[in-house]
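Just so we're on the same page: letters track the sequence lines, and every chain starts at 1. Just so it is clear, the structure is predicted and the values come from calculations on it, not from any experiment.
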Amino acid sequence: MEKEVILQYLPLYREALLLTLRIGWQGVLLALVFGVACTWIRQLKIPVLKSLVTVYIELFRNTPLLVQLFFLYFALPKAGIRMTPELCGSLGLGLLGGAYMAETFRSGLESIAPIQEESALSLGMTSMQALRYVILPQAATYSISGIVANVIFLLKETSVFSVISLMDLMFTAKDLIGMYAKTLECLTLLVVFYLIMLLPVSVFGSWLERRMRRAEFGA
Amino acid sequence: MQSLGLDVLFKGSNFIRLLEGLWVAVRISLISVVLSIVLGIPAGMLMTSRSRVIRALFRVYLEIVRIMPQMVLLFIVYFGTTRVFGWDLSAEASAIIVFVFWGCAEMGDLVRGALISIPRIQYESAAALGMNQLVSFRYVILPQTVRRLIPLSINLITRMIKTTSLVMMIGIVEVLKVGQQIIEANRKASPNAAFGVFATVFLLYFLICWPISTLASWLEKRWA
(Lines give C-alpha, C1' and ligand atoms only; values in the text may rest on other atoms or scores of the structure.)
Protein backbone atom coordinates (compact mmCIF):
# COMPACT_ATOMS: atom_id res chain seq x y z
CA MET A 1 0.00 0.00 0.00
CA GLU A 2 1.36 3.36 -0.96
CA LYS A 3 0.37 6.33 1.11
CA GLU A 4 0.84 8.90 -1.66
CA VAL A 5 -1.45 6.99 -3.96
CA ILE A 6 -4.18 6.95 -1.34
CA LEU A 7 -3.82 10.67 -0.69
CA GLN A 8 -3.91 11.32 -4.41
CA TYR A 9 -7.11 9.32 -4.86
CA LEU A 10 -8.86 10.70 -1.79
CA PRO A 11 -10.49 13.75 -3.46
CA LEU A 12 -11.85 11.57 -6.29
CA TYR A 13 -13.46 9.22 -3.79
CA ARG A 14 -14.86 12.15 -1.82
CA GLU A 15 -16.55 13.50 -4.94
CA ALA A 16 -17.95 10.06 -5.69
CA LEU A 17 -19.23 9.68 -2.13
CA LEU A 18 -21.01 13.03 -2.29
CA LEU A 19 -22.68 12.03 -5.56
CA THR A 20 -23.70 8.63 -4.20
CA LEU A 21 -25.07 10.21 -1.03
CA ARG A 22 -27.00 12.85 -2.94
CA ILE A 23 -28.69 10.39 -5.27
CA GLY A 24 -29.08 7.87 -2.47
CA TRP A 25 -30.98 10.24 -0.21
CA GLN A 26 -33.09 11.56 -3.05
CA GLY A 27 -33.97 7.96 -3.79
CA VAL A 28 -34.80 7.19 -0.16
CA LEU A 29 -37.00 10.28 0.05
CA LEU A 30 -38.82 9.35 -3.15
CA ALA A 31 -39.21 5.81 -1.83
CA LEU A 32 -40.91 7.12 1.31
CA VAL A 33 -43.21 9.32 -0.76
CA PHE A 34 -44.13 6.47 -3.13
CA GLY A 35 -44.55 4.11 -0.20
CA VAL A 36 -46.91 6.45 1.64
CA ALA A 37 -48.88 7.16 -1.55
CA CYS A 38 -49.30 3.44 -2.29
CA THR A 39 -50.31 2.65 1.28
CA TRP A 40 -52.84 5.50 1.19
CA ILE A 41 -54.38 4.20 -2.04
CA ARG A 42 -54.52 0.66 -0.69
CA GLN A 43 -56.10 1.70 2.60
CA LEU A 44 -58.76 3.84 0.92
CA LYS A 45 -59.35 0.97 -1.57
CA ILE A 46 -59.64 3.27 -4.61
CA PRO A 47 -60.85 0.83 -7.32
CA VAL A 48 -58.54 1.01 -10.37
CA LEU A 49 -55.60 2.67 -8.64
CA LYS A 50 -55.53 -0.10 -6.05
CA SER A 51 -54.87 -2.77 -8.67
CA LEU A 52 -52.27 -0.58 -10.37
CA VAL A 53 -50.46 -0.18 -7.07
CA THR A 54 -50.41 -3.95 -6.59
CA VAL A 55 -48.98 -4.47 -10.08
CA TYR A 56 -46.33 -1.82 -9.44
CA ILE A 57 -45.33 -3.30 -6.08
CA GLU A 58 -45.07 -6.85 -7.43
CA LEU A 59 -43.14 -5.72 -10.53
CA PHE A 60 -40.53 -3.75 -8.65
CA ARG A 61 -40.14 -6.15 -5.75
CA ASN A 62 -39.45 -9.03 -8.10
CA THR A 63 -36.85 -7.50 -10.41
CA PRO A 64 -33.30 -6.34 -9.70
CA LEU A 65 -32.47 -2.61 -9.60
CA LEU A 66 -29.85 -3.17 -12.29
CA VAL A 67 -32.51 -4.36 -14.74
CA GLN A 68 -34.84 -1.53 -13.72
CA LEU A 69 -32.09 1.02 -14.39
CA PHE A 70 -31.34 -0.49 -17.79
CA PHE A 71 -35.01 -0.15 -18.61
CA LEU A 72 -35.29 3.44 -17.38
CA TYR A 73 -32.05 4.64 -18.92
CA PHE A 74 -31.64 2.68 -22.17
CA ALA A 75 -35.14 1.51 -23.11
CA LEU A 76 -37.38 4.46 -22.23
CA PRO A 77 -35.56 6.99 -24.47
CA LYS A 78 -36.58 4.80 -27.42
CA ALA A 79 -40.18 5.40 -26.39
CA GLY A 80 -39.50 9.12 -26.22
CA ILE A 81 -38.84 9.48 -22.47
CA ARG A 82 -35.39 10.88 -21.82
CA MET A 83 -33.88 11.43 -18.38
CA THR A 84 -30.49 12.50 -17.06
CA PRO A 85 -28.45 9.74 -15.40
CA GLU A 86 -28.94 11.43 -12.02
CA LEU A 87 -32.70 11.59 -12.37
CA CYS A 88 -32.73 7.98 -13.56
CA GLY A 89 -30.71 6.93 -10.55
CA SER A 90 -32.88 8.58 -7.95
CA LEU A 91 -36.12 7.66 -9.72
CA GLY A 92 -35.02 4.03 -10.11
CA LEU A 93 -34.04 3.84 -6.45
CA GLY A 94 -37.28 5.58 -5.48
CA LEU A 95 -39.43 3.17 -7.48
CA LEU A 96 -37.65 0.13 -6.07
CA GLY A 97 -37.76 1.50 -2.54
CA GLY A 98 -41.38 2.63 -2.82
CA ALA A 99 -42.47 -0.95 -3.44
CA TYR A 100 -40.53 -2.20 -0.39
CA MET A 101 -41.70 0.68 1.82
CA ALA A 102 -45.33 0.11 0.86
CA GLU A 103 -45.07 -3.51 1.99
CA THR A 104 -43.38 -2.50 5.25
CA PHE A 105 -46.04 0.13 5.99
CA ARG A 106 -48.81 -2.32 5.20
CA SER A 107 -47.52 -4.99 7.56
CA GLY A 108 -47.14 -2.26 10.19
CA LEU A 109 -50.78 -1.22 9.83
CA GLU A 110 -51.95 -4.82 9.70
CA SER A 111 -50.25 -5.52 13.01
CA ILE A 112 -52.67 -3.15 14.77
CA ALA A 113 -55.74 -4.98 16.01
CA PRO A 114 -59.03 -3.58 14.61
CA ILE A 115 -60.28 -3.09 18.15
CA GLN A 116 -57.78 -0.25 18.53
CA GLU A 117 -59.49 1.79 15.85
CA GLU A 118 -62.96 0.81 17.03
CA SER A 119 -62.19 1.85 20.59
CA ALA A 120 -60.78 5.17 19.42
CA LEU A 121 -63.89 5.84 17.37
CA SER A 122 -66.20 4.88 20.22
CA LEU A 123 -64.37 7.38 22.43
CA GLY A 124 -65.56 10.03 20.00
CA MET A 125 -62.37 10.53 18.00
CA THR A 126 -62.70 11.31 14.32
CA SER A 127 -61.04 8.79 12.03
CA MET A 128 -58.19 11.26 11.40
CA GLN A 129 -57.63 11.62 15.15
CA ALA A 130 -57.72 7.85 15.57
CA LEU A 131 -55.10 7.52 12.87
CA ARG A 132 -52.92 10.29 14.27
CA TYR A 133 -53.03 9.41 17.98
CA VAL A 134 -53.78 5.69 18.08
CA ILE A 135 -52.92 3.84 14.90
CA LEU A 136 -49.81 5.58 13.54
CA PRO A 137 -47.76 5.69 16.77
CA GLN A 138 -48.21 1.95 17.18
CA ALA A 139 -47.71 1.14 13.50
CA ALA A 140 -44.55 3.27 13.48
CA THR A 141 -42.95 1.38 16.36
CA TYR A 142 -43.78 -1.84 14.58
CA SER A 143 -42.44 -0.82 11.13
CA ILE A 144 -39.36 1.09 12.21
CA SER A 145 -36.99 -1.87 11.94
CA GLY A 146 -38.33 -2.61 8.46
CA ILE A 147 -37.92 1.00 7.39
CA VAL A 148 -34.33 1.12 8.65
CA ALA A 149 -33.55 -2.15 6.86
CA ASN A 150 -35.04 -0.71 3.66
CA VAL A 151 -32.95 2.46 3.89
CA ILE A 152 -29.74 0.47 4.34
CA PHE A 153 -30.77 -1.84 1.49
CA LEU A 154 -31.41 1.14 -0.79
CA LEU A 155 -28.13 2.84 0.04
CA LYS A 156 -26.32 -0.43 -0.70
CA GLU A 157 -28.15 -0.77 -3.99
CA THR A 158 -26.63 2.54 -5.14
CA SER A 159 -23.53 0.47 -5.95
CA VAL A 160 -24.96 -0.40 -9.39
CA PHE A 161 -25.28 3.20 -10.53
CA SER A 162 -22.08 3.01 -12.58
CA VAL A 163 -23.99 1.19 -15.37
CA ILE A 164 -25.86 4.37 -16.18
CA SER A 165 -22.53 6.24 -16.27
CA LEU A 166 -22.83 7.92 -12.89
CA MET A 167 -19.42 8.52 -11.33
CA ASP A 168 -20.20 6.81 -8.05
CA LEU A 169 -17.82 4.95 -5.73
CA MET A 170 -17.84 1.72 -7.76
CA PHE A 171 -17.26 3.64 -10.98
CA THR A 172 -14.32 5.54 -9.49
CA ALA A 173 -12.75 2.38 -8.08
CA LYS A 174 -13.13 0.43 -11.32
CA ASP A 175 -11.85 3.33 -13.38
CA LEU A 176 -8.76 3.86 -11.23
CA ILE A 177 -7.96 0.14 -11.13
CA GLY A 178 -8.26 0.05 -14.92
CA MET A 179 -5.95 3.02 -15.40
CA TYR A 180 -3.24 2.66 -12.76
CA ALA A 181 -3.67 -0.91 -11.47
CA LYS A 182 -3.27 0.14 -7.82
CA THR A 183 -5.84 -2.50 -6.94
CA LEU A 184 -5.16 -2.79 -3.23
CA GLU A 185 -5.31 0.95 -2.54
CA CYS A 186 -8.42 1.41 -4.65
CA LEU A 187 -10.31 -1.43 -2.97
CA THR A 188 -9.29 -0.33 0.52
CA LEU A 189 -10.57 3.17 -0.17
CA LEU A 190 -13.75 1.68 -1.62
CA VAL A 191 -14.45 -0.30 1.56
CA VAL A 192 -13.58 2.65 3.81
CA PHE A 193 -15.87 5.01 1.92
CA TYR A 194 -18.79 2.59 1.96
CA LEU A 195 -18.25 2.22 5.71
CA ILE A 196 -18.30 6.01 6.08
CA MET A 197 -21.57 6.06 4.21
CA LEU A 198 -23.36 3.11 5.81
CA LEU A 199 -21.99 2.64 9.31
CA PRO A 200 -23.61 5.82 10.74
CA VAL A 201 -26.95 4.84 9.19
CA SER A 202 -26.70 1.37 10.64
CA VAL A 203 -25.73 2.62 14.12
CA PHE A 204 -28.41 5.32 14.10
CA GLY A 205 -30.93 2.76 12.88
CA SER A 206 -30.33 0.34 15.73
CA TRP A 207 -30.43 3.22 18.23
CA LEU A 208 -33.76 4.34 16.81
CA GLU A 209 -35.12 0.80 16.95
CA ARG A 210 -34.18 0.49 20.62
CA ARG A 211 -35.77 3.84 21.48
CA MET A 212 -38.97 3.13 19.63
CA ARG A 213 -39.35 -0.28 21.20
CA ARG A 214 -39.81 1.43 24.55
CA ALA A 215 -42.91 3.09 23.18
CA GLU A 216 -44.37 -0.25 22.17
CA PHE A 217 -47.83 -0.72 23.59
CA GLY A 218 -48.27 -3.34 26.26
CA ALA A 219 -44.97 -5.07 25.55
CA MET B 1 -43.47 -3.76 -33.45
CA GLN B 2 -40.73 -2.18 -35.49
CA SER B 3 -40.91 1.11 -33.66
CA LEU B 4 -40.50 -0.43 -30.22
CA GLY B 5 -37.86 -2.87 -31.35
CA LEU B 6 -39.74 -6.02 -30.46
CA ASP B 7 -39.02 -7.50 -33.90
CA VAL B 8 -35.40 -8.10 -32.88
CA LEU B 9 -36.47 -10.75 -30.41
CA PHE B 10 -37.85 -12.97 -33.14
CA LYS B 11 -34.85 -12.63 -35.41
CA GLY B 12 -32.61 -15.68 -35.57
CA SER B 13 -32.02 -17.24 -32.19
CA ASN B 14 -32.09 -13.96 -30.26
CA PHE B 15 -34.79 -14.95 -27.79
CA ILE B 16 -33.14 -18.29 -27.09
CA ARG B 17 -29.86 -16.45 -26.50
CA LEU B 18 -31.54 -14.19 -23.96
CA LEU B 19 -32.94 -17.21 -22.17
CA GLU B 20 -29.51 -18.82 -22.14
CA GLY B 21 -28.12 -15.63 -20.64
CA LEU B 22 -30.79 -15.74 -17.96
CA TRP B 23 -29.92 -19.36 -17.23
CA VAL B 24 -26.30 -18.33 -16.54
CA ALA B 25 -27.51 -15.98 -13.81
CA VAL B 26 -30.07 -18.42 -12.45
CA ARG B 27 -27.55 -21.26 -12.40
CA ILE B 28 -25.11 -19.19 -10.33
CA SER B 29 -27.87 -18.29 -7.90
CA LEU B 30 -29.11 -21.88 -7.55
CA ILE B 31 -25.62 -23.18 -6.80
CA SER B 32 -25.15 -20.34 -4.31
CA VAL B 33 -28.50 -20.95 -2.64
CA VAL B 34 -27.86 -24.65 -2.15
CA LEU B 35 -24.42 -24.00 -0.68
CA SER B 36 -25.78 -21.16 1.47
CA ILE B 37 -28.48 -23.37 2.94
CA VAL B 38 -26.06 -26.22 3.60
CA LEU B 39 -23.56 -23.89 5.32
CA GLY B 40 -26.16 -21.54 6.80
CA ILE B 41 -27.91 -24.13 8.97
CA PRO B 42 -24.82 -24.97 11.07
CA ALA B 43 -23.91 -21.26 11.05
CA GLY B 44 -27.32 -20.44 12.50
CA MET B 45 -26.95 -23.10 15.18
CA LEU B 46 -23.56 -21.66 16.10
CA MET B 47 -25.13 -18.19 16.35
CA THR B 48 -27.27 -19.44 19.23
CA SER B 49 -24.21 -20.91 20.89
CA ARG B 50 -23.54 -20.25 24.57
CA SER B 51 -20.00 -19.13 23.87
CA ARG B 52 -19.64 -15.37 23.75
CA VAL B 53 -16.63 -15.50 21.43
CA ILE B 54 -18.49 -17.50 18.79
CA ARG B 55 -21.53 -15.23 19.03
CA ALA B 56 -19.36 -12.11 18.72
CA LEU B 57 -17.52 -13.53 15.71
CA PHE B 58 -20.76 -14.28 13.92
CA ARG B 59 -22.08 -10.83 14.80
CA VAL B 60 -19.12 -9.21 13.11
CA TYR B 61 -19.57 -11.49 10.10
CA LEU B 62 -23.26 -10.61 9.88
CA GLU B 63 -22.57 -6.89 10.17
CA ILE B 64 -19.98 -7.01 7.37
CA VAL B 65 -22.48 -8.72 5.09
CA ARG B 66 -25.24 -6.31 6.11
CA ILE B 67 -23.21 -3.17 5.47
CA MET B 68 -21.02 -3.96 2.47
CA PRO B 69 -22.80 -3.93 -0.89
CA GLN B 70 -22.46 -7.29 -2.67
CA MET B 71 -20.92 -5.34 -5.54
CA VAL B 72 -18.01 -4.31 -3.31
CA LEU B 73 -17.53 -7.88 -2.13
CA LEU B 74 -17.47 -9.03 -5.76
CA PHE B 75 -14.77 -6.50 -6.55
CA ILE B 76 -12.73 -7.51 -3.52
CA VAL B 77 -12.81 -11.18 -4.43
CA TYR B 78 -12.50 -10.82 -8.19
CA PHE B 79 -9.96 -7.99 -8.42
CA GLY B 80 -8.50 -7.87 -4.89
CA THR B 81 -7.78 -11.43 -3.81
CA THR B 82 -6.52 -12.44 -7.23
CA ARG B 83 -4.06 -9.57 -7.04
CA VAL B 84 -2.93 -10.10 -3.46
CA PHE B 85 -2.68 -13.89 -3.47
CA GLY B 86 -1.87 -14.17 -7.15
CA TRP B 87 -4.31 -17.01 -7.78
CA ASP B 88 -6.43 -17.40 -10.83
CA LEU B 89 -10.13 -17.14 -10.09
CA SER B 90 -12.77 -17.19 -12.78
CA ALA B 91 -15.50 -14.57 -12.62
CA GLU B 92 -18.10 -17.26 -12.04
CA ALA B 93 -16.16 -18.80 -9.15
CA SER B 94 -15.73 -15.37 -7.55
CA ALA B 95 -19.43 -14.71 -7.91
CA ILE B 96 -20.32 -18.00 -6.22
CA ILE B 97 -17.84 -17.35 -3.39
CA VAL B 98 -19.36 -13.91 -2.75
CA PHE B 99 -22.96 -15.04 -2.93
CA VAL B 100 -22.33 -17.98 -0.62
CA PHE B 101 -20.51 -15.70 1.84
CA TRP B 102 -23.54 -13.41 1.79
CA GLY B 103 -26.21 -16.12 1.62
CA CYS B 104 -24.68 -18.15 4.44
CA ALA B 105 -24.90 -15.14 6.77
CA GLU B 106 -28.50 -14.43 5.77
CA MET B 107 -29.51 -18.07 6.08
CA GLY B 108 -27.70 -18.36 9.38
CA ASP B 109 -29.61 -15.39 10.71
CA LEU B 110 -32.90 -16.93 9.57
CA VAL B 111 -32.04 -20.22 11.29
CA ARG B 112 -31.06 -18.35 14.45
CA GLY B 113 -34.32 -16.41 14.37
CA ALA B 114 -36.35 -19.58 13.89
CA LEU B 115 -34.52 -21.39 16.68
CA ILE B 116 -34.91 -18.66 19.27
CA SER B 117 -38.56 -18.15 18.33
CA ILE B 118 -39.36 -21.58 19.77
CA PRO B 119 -40.48 -20.87 23.35
CA ARG B 120 -38.37 -22.43 26.05
CA ILE B 121 -41.36 -24.24 27.44
CA GLN B 122 -41.37 -26.46 24.36
CA TYR B 123 -37.93 -27.81 25.29
CA GLU B 124 -38.91 -28.14 28.95
CA SER B 125 -42.19 -29.90 28.21
CA ALA B 126 -40.43 -32.33 25.91
CA ALA B 127 -37.90 -33.04 28.65
CA ALA B 128 -40.67 -33.42 31.22
CA LEU B 129 -42.31 -36.03 29.01
CA GLY B 130 -39.10 -38.01 29.25
CA MET B 131 -37.73 -37.30 25.77
CA ASN B 132 -33.99 -37.10 25.51
CA GLN B 133 -32.38 -34.19 23.66
CA LEU B 134 -32.19 -35.96 20.33
CA VAL B 135 -35.80 -37.14 20.39
CA SER B 136 -37.16 -33.78 21.49
CA PHE B 137 -35.17 -32.05 18.79
CA ARG B 138 -36.42 -34.46 16.15
CA TYR B 139 -40.12 -34.50 17.11
CA VAL B 140 -40.72 -31.15 18.80
CA ILE B 141 -38.22 -28.49 17.82
CA LEU B 142 -37.33 -29.41 14.24
CA PRO B 143 -40.89 -29.58 12.83
CA GLN B 144 -41.69 -26.12 14.21
CA THR B 145 -38.41 -24.60 13.08
CA VAL B 146 -38.69 -25.97 9.56
CA ARG B 147 -42.17 -24.52 9.12
CA ARG B 148 -40.93 -21.06 9.99
CA LEU B 149 -37.80 -21.49 7.95
CA ILE B 150 -39.09 -22.75 4.60
CA PRO B 151 -40.97 -19.61 3.45
CA LEU B 152 -38.04 -17.41 4.47
CA SER B 153 -35.49 -19.56 2.66
CA ILE B 154 -37.65 -19.56 -0.47
CA ASN B 155 -37.55 -15.78 -0.28
CA LEU B 156 -33.78 -15.98 -0.10
CA ILE B 157 -33.85 -17.71 -3.51
CA THR B 158 -35.55 -14.72 -5.16
CA ARG B 159 -33.17 -12.31 -3.47
CA MET B 160 -30.27 -14.41 -4.71
CA ILE B 161 -31.63 -14.44 -8.28
CA LYS B 162 -32.07 -10.68 -8.20
CA THR B 163 -28.58 -10.14 -6.83
CA THR B 164 -26.90 -12.33 -9.45
CA SER B 165 -27.74 -9.68 -12.05
CA LEU B 166 -24.65 -7.94 -10.63
CA VAL B 167 -22.30 -10.50 -12.16
CA MET B 168 -22.37 -8.65 -15.47
CA MET B 169 -20.24 -6.00 -13.73
CA ILE B 170 -17.35 -8.46 -13.42
CA GLY B 171 -17.65 -9.53 -17.02
CA ILE B 172 -19.87 -12.60 -16.94
CA VAL B 173 -22.01 -12.79 -20.06
CA GLU B 174 -25.51 -13.08 -18.63
CA VAL B 175 -28.89 -11.88 -19.82
CA LEU B 176 -28.20 -8.11 -19.71
CA LYS B 177 -24.88 -8.54 -21.50
CA VAL B 178 -26.49 -10.75 -24.17
CA GLY B 179 -29.16 -8.07 -24.50
CA GLN B 180 -26.51 -5.44 -25.12
CA GLN B 181 -24.87 -7.67 -27.74
CA ILE B 182 -28.19 -8.15 -29.55
CA ILE B 183 -28.82 -4.40 -29.51
CA GLU B 184 -25.34 -3.68 -30.87
CA ALA B 185 -25.66 -6.27 -33.63
CA ASN B 186 -28.99 -4.81 -34.79
CA ARG B 187 -28.13 -1.16 -34.40
CA LYS B 188 -28.74 -0.44 -38.10
CA ALA B 189 -31.69 -2.72 -38.80
CA SER B 190 -33.72 -1.82 -35.73
CA PRO B 191 -32.48 1.24 -33.86
CA ASN B 192 -35.11 0.87 -31.15
CA ALA B 193 -34.06 -2.65 -30.15
CA ALA B 194 -33.05 -1.37 -26.69
CA PHE B 195 -36.67 -0.96 -25.71
CA GLY B 196 -37.79 -4.41 -26.80
CA VAL B 197 -34.79 -6.18 -25.34
CA PHE B 198 -34.64 -4.50 -21.94
CA ALA B 199 -38.40 -4.62 -21.47
CA THR B 200 -38.17 -8.37 -22.16
CA VAL B 201 -35.33 -8.82 -19.67
CA PHE B 202 -37.38 -6.93 -17.08
CA LEU B 203 -40.35 -9.24 -17.65
CA LEU B 204 -38.21 -12.38 -17.68
CA TYR B 205 -36.81 -11.55 -14.24
CA PHE B 206 -40.31 -10.84 -13.01
CA LEU B 207 -41.64 -14.13 -14.42
CA ILE B 208 -38.95 -16.06 -12.56
CA CYS B 209 -39.09 -14.28 -9.21
CA TRP B 210 -42.78 -13.56 -8.88
CA PRO B 211 -44.05 -17.16 -8.67
CA ILE B 212 -41.33 -18.01 -6.15
CA SER B 213 -42.06 -15.05 -3.89
CA THR B 214 -45.81 -15.64 -4.17
CA LEU B 215 -45.28 -19.24 -3.09
CA ALA B 216 -43.19 -18.01 -0.16
CA SER B 217 -45.83 -15.60 1.11
CA TRP B 218 -48.59 -18.18 0.59
CA LEU B 219 -46.65 -20.73 2.67
CA GLU B 220 -45.93 -18.10 5.31
CA LYS B 221 -49.64 -17.32 5.71
CA ARG B 222 -50.65 -20.98 5.64
CA TRP B 223 -48.14 -22.13 8.21
CA ALA B 224 -48.30 -19.08 10.42
When rounded to the nearest 0.5 angstrom, what is the spacing between [atom1] in [X] and [atom2] in [Y]?
| X | Y | atom1 | atom2 | answer |
| --- | --- | --- | --- | --- |
| B:Lys162 | A:Gln68 | NZ | CD | 8.5 Å |
| B:Ile76 | A:Leu190 | CD1 | CG | 7.0 Å |
| B:Ile64 | A:Leu195 | CD1 | CG | 9.0 Å |
| A:Leu187 | B:Phe79 | CG | CZ | 8.5 Å |
| B:Met71 | A:Leu66 | CE | CG | 8.5 Å |
| A:Glu58 | B:Ser213 | CD | OG | 6.0 Å |

Taking side chain as everything from C-beta outward and backbone as N, CA, C, O, which of these in A:Leu59 sits under 4.5 Å from a heavy atom of chain B? Side chain, backbone, both or neither.
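Its backbone and side chain both get close to chain B.
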Proximity breakdown for A:Val201 and chain B, heavy-atom pairs closer than 4.5 Å
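For A:Val201, neither part sits under 4.5 Å from chain B.
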For chain B, which residues of residues 35-45 of chain A have at least one non-hydrogen atom nearer than 4.5 Å to it?
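Answer by number: none.
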Give every residue pair that meets the salt bridge (Lys or Arg N to Asp or Glu O under 4.0 Å) criterion with at least one member in residues 164-183 of chain A, sequence neighbours excluded.
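Checked against salt bridge (Lys or Arg N to Asp or Glu O under 4.0 Å) - neighbours excluded - the pairs reaching residues 164-183 of chain A are A:Glu2-A:Lys182.
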Would you mind listing every salt bridge (Lys or Arg N to Asp or Glu O under 4.0 Å) that reaches into residues 87-97 of chain B, with sequence neighbours excluded?
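Residue pairs passing salt bridge (Lys or Arg N to Asp or Glu O under 4.0 Å), neighbours aside: B:Arg27-B:Glu92.
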Closest heavy-atom contact between [X] and [Y]?
| X | Y | result |
| --- | --- | --- |
| A:Val163 | B:Met169 | CG1-SD, 3.3 Å |
| B:Ala194 | A:Ala75 | O-CB, 3.7 Å |
| B:Ile67 | A:Leu198 | O-CD1, 3.0 Å |
| A:Thr63 | B:Phe206 | CG2-N, 3.7 Å |

Heavy atoms from other residues, nucleotides or ligands near [atom1] of [X] exceed 12 (cutoff 6.0 Å):
| X | atom1 | answer |
| --- | --- | --- |
| B:Ile121 | CD1 | no |
| B:Arg55 | CZ | yes |
| A:Met167 | CE | no |
| B:Phe15 | CZ | no |
| B:Gln180 | CD | yes |

Can any side-chain N or O of A:Lys78 pair as donor or acceptor with the backbone N or O of B:Gly196 at less than 3.5 Å?
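Here the side-chain-to-backbone pair does not exist.
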Would you confirm whether B:Arg83, through its side chain, and A:Ala181, through its main-chain N or O, come within 3.5 Å as a donor-acceptor pair?
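Confirmed, B:Arg83 side chain pairs with A:Ala181 backbone.
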Donor-acceptor contacts under 3.5 Å from residues 145-158 of chain A side chains, at least two apart:
from, atom 1, to, atom 2, distance (Å)
A:Asn150, ND2, A:Thr104, OG1, 2.9
A:Lys156, NZ, B:Val65, O, 3.3
A:Lys156, NZ, B:Arg66, O, 2.9
A:Thr158, OG1, A:Leu155, O, 2.5

How about B:Phe195 and A:Phe71: are their ring centres within less than 6.0 Å of each other?
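When the ring centroids of B:Phe195 and A:Phe71 are compared, they turn out to be within the sub-6.0 Å range.
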Is it true that A:Phe60 and B:Phe202 have ring centroids separated by less than 6.0 Å?
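So the answer is yes for these two rings.
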Go through B:Thr158, B:Thr164, B:Leu176 and name the one with the most non-hydrogen pairs under 4.5 angstrom from chain A.
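Counting heavy-atom pairs under 4.5 Å, the top option is B:Leu176.
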Name the region of B:Val84, side chain, backbone, both or neither, that has any atom closer than 4.5 Å to a heavy atom of chain A.
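Answer is side chain: those atoms of B:Val84 sit under 4.5 Å from chain A.
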Can you tell me which of A:Ser162, A:Ser159, A:Pro77, A:Ser202 forms the most heavy-atom pairs within a distance under 4.5 Å of chain B?
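Top option by heavy-atom pairs under 4.5 Å: A:Ser159.
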